[in-house]
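Notes follow the structure.
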2 protein chains.
Amino acid sequence: METIEQGDAFDPDCPTRLVLDRIGDRWTVLILLTLRDGPRRFTELRRKVNGVTPKVLTQTLRAMERDGLVTREVFAEVPPRVEYTLTALGMSLQTPIQAITDWAEANVGKVMAAREESLRA
Amino acid sequence: METIEQGDAFDPDCPTRLVLDRIGDRWTVLILLTLRDGPRRFTELRRKVNGVTPKVLTQTLRAMERDGLVTREVFAEVPPRVEYTLTALGMSLQTPIQAITDWAEANVGKVMAAREESLRA
DNA sequence: CTGTATCCGCTGCGATACTG
DNA sequence: CAGTATCGCAGCGGATACAG
């Protein structure tokens, strides 16, 4: 167990890459944000997460479940009800995710400005 | 201009999505981390960022340049030298990025454990 | 050294339809 | 309501070769 210099993210098998790949996909972060305030049902997620298809939503949720970020609870009712809830691990991801989204909202103006600029160059 | 509830990231045209898409790609974050400690040359990046091809490295750097995250400086020398440097904007992205990578290194064990667990279920 | 040019495979994501 | 089943494609990223 040696100290890591500044990030072993450069190894394809490293932890950072693992997480990066997960938040890199189109929907995980959005679902994380939606689940922050409490459990949500499948259809609630589908509505809130604008435009995701059921197939992809299921895929993403299953992946998150496998990684221990959410739990899936099925209620034996008619009509069926399924609730997705953030685990403690999923909760703990909120903080760094929030840091990113905060940065985004604070700096998107500069990014757009830089983009405009490069167009006129 | 109204206050936004918890995140407008759900709009495909929103700022958060913009940034999410950018850090979602395979190399941007790695380059950001590599550039943290100072300017780097093309080949240095290529070596440090394990296994990226020149085409993709150029693509990524160009995109980062357009978005105002890095500057590209060409030195009229033989052999040619090109240095990439983080802008203030790029620098400011370090903090949230770091939050993510820190989380990753701290929690990758739990994620892996959850994965193992789901395999045996 | 710092790229560009071409080709191509993979897979993430979407559209649509159907089921317990 | 909460998914599954198929089909399809567009685009990212990789391999390889070449150029200024």
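So that the names make sense, note that chain A is the first sequence line, chain B the second, and so on, each numbered from 1.
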| request: Grab the two heavy atoms, one from A/P80 and one from A/R41, that are nearest each other, plus how far apart they are. | output: O-NH2, 3.5 Å
| remark: With five pairs defining each end axis, the helix from C/dC1-D/dG20 to C/dG20-D/dC1 comes out bent, to 10°, by 50°
| Candidate pair A/L18 and B/R115, rule side-chain contact (heavy atoms from CB on, under 4.5 Å), full reasoning | CA-CA 12 Å; A/L18 208 75; B/R115 244 177 233 196; 3.8 Å; yes
| task | Rounded off to whole Å, could you give me the CG-to-P distance for the A/D21 and D/dG13 pair? | result | 11 Å
| Least distance between heavy atoms, A/L89 atom then A/D67 atom | CD2-O, 3.7 Å
| query | Which atoms form the tightest heavy-atom contact between B/S92 and A/W103, and what is the distance? | reply | OG-NE1, 2.9 Å
| Could you give the CG-to-P distance, from A/D25 to D/dG13, as a whole number of Å? | 14 Å
| When the distance from OH of A/Y84 to C1' of D/dC1 is rounded to whole Å, what number comes out? | 11 Å
| said: Ignoring hydrogens, what is the shortest heavy-atom contact between A/L35 and A/L45? Give both atom names and the distance. | reply: CD1-CD2, 3.6 Å
| request: Kindly give the heavy-atom pair with the smallest separation between B/V74 and B/R72, and that separation in Å. | output: CG2-NH1, 3.6 Å
Quick one: which protein N/O atoms are closer than 3.5 Å to N/O atoms of nucleotides 15-20 of chain D? Pair and distance per line, please.
none

| task | Quick one: list whatever passes salt bridge (charged side-chain N to carboxylate O under 4.0 Å, His left out) with B/E44, sequence neighbours left out. | result | none
| request: Please name the pair of heavy atoms, one in B/A99 and one in A/A99, separated by the smallest distance, quoted to 0.1 Å. | output: CB-CB, 4.3 Å
| query | Between A/T87 (side chain) and A/G90 (backbone), is there a donor-acceptor pair under 3.5 Å? | reply | yes
| note | Outer limits of DNA chain C sitting under 4.0 Å from a non-hydrogen atom of chain A, read 5' to 3', are C/dC13 to C/dG20
| query | Hey, is the main chain of A/L32 close enough, under 3.5 Å, to the side chain of A/Q94 for a donor-acceptor pair? | reply | yes
| request: Check DNA chain D against residues 59-77 of chain A and give the residues with a non-hydrogen atom under 4.0 Å, in numerical order. | output: A/R62, A/R72
| field | 4.5 Å side-chain heavy-atom contact, A/L69 and A/R22 | value | yes
| task | State which residues pass salt bridge (charged side-chain N to carboxylate O under 4.0 Å, His left out) with A/R62; sequence neighbours excluded, sorted by chain then number. | result | none
| said: Working to the nearest 0.5 angstrom, can you tell me the gap between A/I100 CD1 and A/T95 OG1? | reply: 12.5 Å
